[in-house]
Amino acid sequence: MAEEFNTQGMLDMYLFENQQLIENLQEIVLDQKDADCFDEDSINEIFRTMHTIKGSSGVMMFDEITAVSHKLEDVFYYLRESHPDNVPHLELVDHVLEVADFISAEMEKIENGGEADGDASGILADLDAFLNKIKGVTSDKGKDAAEGTAEEKPADAPKQFYIAPMASAASHFYKIYITFYQDTELVNVHAYKAVYGLKEIAEDLMYLPEDILTDEESANEILENGFKILLQSQSSEEEIRNIIGIGYDIENVDIYECSASEYQQGFDGTTIPFQIDLNASVQQIQDKAQQNQKEGEEPKKIAPGDFVIQSKEPGKAKKLAKDKPKKQEKASFISVDVAKMDMLMDLIGELVISESVVLQNPDLKVPGLMLDNFNKAAAQMSKISTDLQNVIMSMRMVPLTNTFQKMNRIVFDVSRKLGKDIEFEMIGDTTEVDKNIIEHISDPLMHLVRNAVDHGIETKEEREASGKTERGKVTLSAKTESGKVWIGVQDNGKGLDREKIMAKARSQGLLEPGRLESSYTDKEVYQFITLPGFSTNDKVTEYSGRGVGMDVVVQNIQAIGGALEIESIPGHGSMMNMKIPLTLAIIDGIVMEVGDSSFVIETGVVKEFVSVRKDMMIHEPNGDEFVMIRGECYPVMRLGEWYHMNDYKTDVEDGMMLILEVEGQNICLFVDKLVGKQEIVVKPIPSYVKKVKGLSGCTQLGDGSIALILDSAGLLE
């Protein structure tokens, strides 16, 4: 049957929805890992999450995922209903994360075109043992129960859900009507999830439309007329609502308990009576009453029993319909392949270049041309082009929240294995960066976090011996500044040992011949740890000590035009700062000329432009130059001299000074000529060109020439 309905669209939706659920699940668990137990809301949320994953995985015939999610759902159902005491919280956290890891690994296989062939027997056995433990079942009995459960509930989903009626005195008969939100995608699959959930409590089960899996048109029928279910079961209405409650896809569920004779009449018999939900608005109740009248042949007088009022819990006040806030309209989303977004971004980049070619065409510089209409049209085109860039940039920008949450998981896992008590803190996790940037920083960030836990934070005994009373702490922070995003990994551990690093650098021959060791700044010394093969760990562990990792971190960051800065205070901790561009696409830049070459610098770092006189210059004996501007002294860098160029201007009165402000430092950059402000499409420097200090990329100008993009921070190093 899987071949009949397992379309690629359904698979994509399955993966997308369940990945979101797993991420949310891990966030809930990690937020409460240090608590004594899960709160009631979290237990309900985890139960609903596993129920949803179980249902959708059953539909897609991923049996092992269905089995583990069902078993974890059983655990949280027991927690929710029985409220047992003395539940080992950290053990439960481990079980939930183990299930989340298993499901994530299986979905990754599916996403890569493989089979979900993982073996969940070990996880199922552990969950069975844990469930029996919190129920107070003895180990032998628990073993028998686990074996019995495995026999009674095979993982294989049955091919058909029609169950022969076996009515007893305890049997109830229900007519169920489910209404879905109009913007729900693949609504027939969501309907099937409800059927799949009910089959476990069903003595008899039928639904309309019947062909919800084999006929895609059934989705339209369900959206228009709702989904109808006939159910014979010994379960109560409350238990049914727990299985098919209102959620992000289901707008309303009407459940009517009927007699056996009404049940046997099927869907053509007595219609489901109109239920009044006291949480509904007056308008919703009136609309539904009118709808019910239209569906019947003729309106009838209201009689007792025609309206079923949903009762509330005793002792709780009922809210009036007028007091209930209106339901917010749901946002509409569509998932798009990132490769298509990249292609669109490239096309917009080419559009920006073509716009520059048109607006800077030499034919427009002929004297006497009347270009008023052209300039108006060009301004409108530039505005639309800028708006188009902003829209596509915003589409590509995603928050760092999910990436930071993954680091939370790493801290939890590694700290437990190393026996360290570590707190994790996130600051600025809602900062948005380009999707491609996130893909490049995930691995470096993971390594920095592992280093902080393994190298930085001491054991409990070591912290007590050094007089530290607080817990170990790893802080992950993010902020944006001047078109850059700063991501920091900070710990309150022992910090970096300068002498130990210098000794290692000396033994590996990394020190400059003839230079005094005392002349090395802390920043220079700490940069040694980013070199290949450099490690101060005497013992190789699972997480560090091989001398690989930090050099890869630096390479990955440099590949996207970023840099790594290291700060440390011995005995108090370290701070690893990744400075990376906010986006890899289009920036506003100032175009300059030096000799026969063109350069571009980002607008955000330029404080002002200044023309200076010779008497404002200060020349030091060692060759350094400074300029006095309004009583402030600024160091001067001549760009032509920096890159050993020919035919550049040497007289300061013939050129222009740019005052740059980068990371709190100021410098004056001397160039020959300013061309103007322009939107710049950032292109990487070709790999066959040796990396040059102070350059971060290149771009094509309107006249077809190539300009080099300056890295302002690189010029200050």
Task: From CA spacing to verdict: side-chain contact (heavy atoms from CB on, under 4.5 Å), Val453, Ile410 - done: CA-CA 9 Å; Val453 177; Ile410 289 172; over 6 Å; no

Mind listing the closest non-hydrogen atom pair of [X] and [Y] along with its distance?
X	Y	result
Ile250	Tyr181	O-CE1, 3.6 Å
Asn18	Ser56	ND2-OG, 3.3 Å
Ala116	Phe62	CB-CD2, 4.2 Å
Phe599	Ala707	N-CB, 4.4 Å
Gly488	Met575	CA-CE, 3.8 Å
Val600	Gly589	CG1-CA, 3.9 Å

Roughly how far apart are [X] [atom1] and [Y] [atom2], rounded to 0.5 Å?
X	Y	atom1	atom2	value
Leu351	Ile384	CG	CD1	10.5 Å
Asn188	Ser218	CG	OG	4.5 Å
Met576	Leu448	CE	CG	6.5 Å
Ile178	Ile222	CD1	CD1	9.0 Å
Ile487	Ile437	CD1	CD1	9.0 Å
Leu400	Thr431	CG	OG1	6.0 Å

Tell me, yes or no, whether the heavy-atom count around [X] atom [atom1], taken from other residues, nucleotides or ligands under 6.0 Å, exceeds 12.
X	atom1	value
Glu115	CD	no
Asp596	CG	no
Glu425	CD	yes

[X] side chain to [Y] backbone, donor-acceptor under 3.5 Å:
X	Y	value
Ser69	Ile65	yes
Gln26	Leu97	no
Ser385	Met381	no
Ser57	Lys54	no
Asn112	Gly114	no
Thr179	Gly226	no
Asn24	Gln20	no

Task: Derivation and outcome, side-chain contact (heavy atoms from CB on, under 4.5 Å), residues Leu710 and Leu639 - done: CA-CA 10 Å; Leu710 295 174; Leu639 201 58; 3.9 Å; yes

TODO: Could you walk me through whether Leu445 and Val489 pass side-chain contact (heavy atoms from CB on, under 4.5 Å), step by step?
DONE: CA-CA 8 Å; Leu445 194 58; Val489 180; 3.7 Å; yes

Open item on the list: Evaluate Leu476 against Ile427 for side-chain contact (heavy atoms from CB on, under 4.5 Å), listing each step before the verdict.
Closed with: CA-CA 6 Å; Leu476 203 53; Ile427 300 174; over 6 Å; no

Quick one: are [X] and [Y] in side-chain contact, heavy atoms under 4.5 Å?
X	Y	result
Val398	Thr403	no
Glu608	Ile659	yes
Ser611	Met656	yes
Met50	Val99	yes
Asn408	Lys33	yes

Open item on the list: Please tell me whether Gln490 and Ser477 have a donor and an acceptor in their side chains that are separated by less than 3.5 angstrom.
Closed with: no

Task: Residue pairs, two or more places apart or on separate chains, that pass salt bridge (charged side-chain N to carboxylate O under 4.0 Å, His left out) and touch residues 668-677 - done: none

Open item on the list: Could you check whether Lys383 pairs with Asp387 (Lys NZ or Arg NE/NH1/NH2 to Asp/Glu carboxylate O, under 4.0 Å)?
Closed with: yes

